[in-house]
There are 2 protein chains.
Amino acid sequence: MDPFVALADPVRRDLVVRLAGGPARVVDLAAEHPISRPAISRHLRLLAEAGLVTADDLGRERHYRLERAGLQPVADLLVALRETPVPPIADADFDGLDLEVRRTGRDRRSSASSHPSPSAAQEDTA
Amino acid sequence: MDPFVALADPVRRDLVVRLAGGPARVVDLAAEHPISRPAISRHLRLLAEAGLVTADDLGRERHYRLERAGLQPVADLLVALRETPVPPIADADFDGLDLEVRRTGRDRRSSASSHPSPSAAQEDTA
DNA sequence: CCTATTGGTAACTGATCAGTTACCTATCTG
DNA sequence: CAGATAGGTAACTGATCAGTTACCAATAGG
């Protein structure tokens, strides 16, 4: 399953964030959410299919933990959107933030510090 | 609308990637996708609601362009998942990749270079 | 002024999603 | 061994999504 689709649901995002703090069982996670245990179980299955979590069976208990490698496609998209050609005119991307990814063993593009981040030319409010 | 939900659809992701390469009109984008023009129009509206694109009206033409600032919540989630406590045991996150975000004007946590990235302890295949 | 182009939305349809209850299996504890 | 705990899935229901065709409005060009 697509990690983007997996992260589209607020419950699944909560689960992923919670598991970033350490492994947990279905019953633990169900206690922290207003939905039923089978619903949590189904969300965890989708997260596992997306490669975002891993399950370790310990007797009758199944401990779920975050699989950070599963976030790679999401990080890749941010990189792709960040590095694509930007017009020399003022561009409002990541005001106050400069996302930088260093790829081990790969040549890097010009460093973030050489890339200006002018203030927003235009803000969209939908 | 939630930027995560906006990016969950493959068509919308394609549109966002395409717009990263420069602005475009609905008719341009519709020519590059197998779905109908009204479907493209609806996707662009959702992307705008999510803050991921901006529309500039030029006569009868509406030029859509990427709004990188709208990606902030996605970048924030990656940061949150990356920075949360990781057990000292080997952790497989971002093998070969080290995501680092420098927040202007904010104290930084210990730099990425001080954070080890050991090889994967366990790989999940769902 | 008429035609062409651009583009948004209504209404419809089929597909998918998310939560529930019920049920079942596996493992642990007294 | 019986009861308790943990957890997955089937079946169901209501809600939402994504693509279509049809229609309309605004702007540009001949």
Side-chain angles (χ1 to χ4, degrees), chain A residues 1-19 22-67 70 74 122 124-126, chain B residues 1-19 22-67 122 124-126:
Chain A
M1 190 210 197
D2 189 342
F4 289 96
V5 174
L7 291 173
D9 186 86
V11 171
R12 290 198 289 276
R13 279 206 301 281
D14 281 348
L15 293 174
V16 162
V17 169
R18 165 63 179 80
L19 291 176
R25 306 168 299 169
V26 175
V27 63
D28 300 324
L29 299 168
E32 298 160 14
H33 286 81
I35 62 178
S36 68
R37 183 189 52 73
I40 294 290
S41 186
R42 279 181 65 257
H43 280 305
L44 287 168
R45 177 165 63 77
L46 294 178
L47 288 171
E49 284 174 4
L52 293 172
V53 306
T54 283
D56 298 312
D57 290 330
L58 301 170
R60 68 188 172 192
E61 296 181 357
R62 176 168 291 186
H63 291 247
Y64 286 90
R65 59 183 175 78
L66 181 64
E67 192 70 39
V74 182
Q122 190 173 17
D124 170 64
T125 52
Chain B
M1 192 210 196
D2 187 343
F4 288 96
V5 174
L7 291 173
D9 186 84
V11 170
R12 288 198 290 276
R13 279 206 301 282
D14 280 349
L15 293 174
V16 162
V17 169
R18 164 64 178 79
L19 292 176
R25 307 168 298 168
V26 175
V27 63
D28 299 324
L29 299 167
E32 297 160 16
H33 286 81
I35 61 177
S36 67
R37 183 190 51 74
I40 294 291
S41 185
R42 278 179 67 255
H43 280 305
L44 287 167
R45 178 167 63 77
L46 294 177
L47 288 171
E49 283 174 5
L52 293 172
V53 306
T54 283
D56 299 311
D57 290 330
L58 302 170
R60 68 190 172 190
E61 296 181 356
R62 177 168 288 186
H63 291 246
Y64 286 89
R65 60 183 174 78
L66 182 65
E67 192 72 38
Q122 190 172 16
D124 169 64
T125 53

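In what follows, chains carry the letters A, B, and so on, assigned in the order in which the sequence lines appear, proteins first and then strands, with residues in each chain numbered from 1.
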Between [X] and [Y], what is the shortest heavy-atom contact and its length?
X: I40(B); Y: L15(B); result: CD1-CD2, 4.3 Å
X: L7(B); Y: F4(A); result: O-CB, 3.6 Å
X: A50(B); Y: A6(B); result: CB-CB, 3.6 Å

Starting at atom [atom1] of [X], determine the distance to atom [atom2] of [N], rounded to an integer number of angstrom.
X: R62(B); N: dG8(C); atom1: CZ; atom2: C1'; value: 8 Å
X: D56(A); N: dG7(D); atom1: CG; atom2: P; value: 12 Å
X: Y64(A); N: dG8(D); atom1: OH; atom2: C1'; value: 8 Å
X: I40(A); N: dT9(D); atom1: CD1; atom2: P; value: 15 Å
X: H63(B); N: dG8(C); atom1: NE2; atom2: P; value: 12 Å

### Query
How would you list all residue pairs meeting side-chain hydrogen bond (donor to acceptor under 3.5 Å, both in side chains) that involve residues 6-19 of chain A, not counting sequence neighbours?
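For residues 6-19 of chain A, and leaving out neighbouring residues, the side-chain hydrogen bond (donor to acceptor under 3.5 Å, both in side chains) pairs sorted by first residue read R12(A)-H43(A), R13(A)-D2(B), R18(A)-E32(A).
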### Message
Return a single string for nucleotides 16-27 of chain C, one symbol per nucleotide in 5' to 3' order, where B is base contact, S is sugar-phosphate-only contact and - is none, cutoff 4.0 angstrom on heavy atoms.
### Response
--BBBBB----B
### Query
If you measure from the Lys or Arg side-chain nitrogens to the Asp or Glu carboxylate oxygens, is any gap between D56(B) and R62(B) under 4.0 Å?
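Salt bridge absent between D56(B) and R62(B).
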### Query
Atom CZ of R37(B) and atom CZ of R42(B): how far apart are they, to the nearest 0.5 Å?
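Output value for this atom pair is 13.0 Å.
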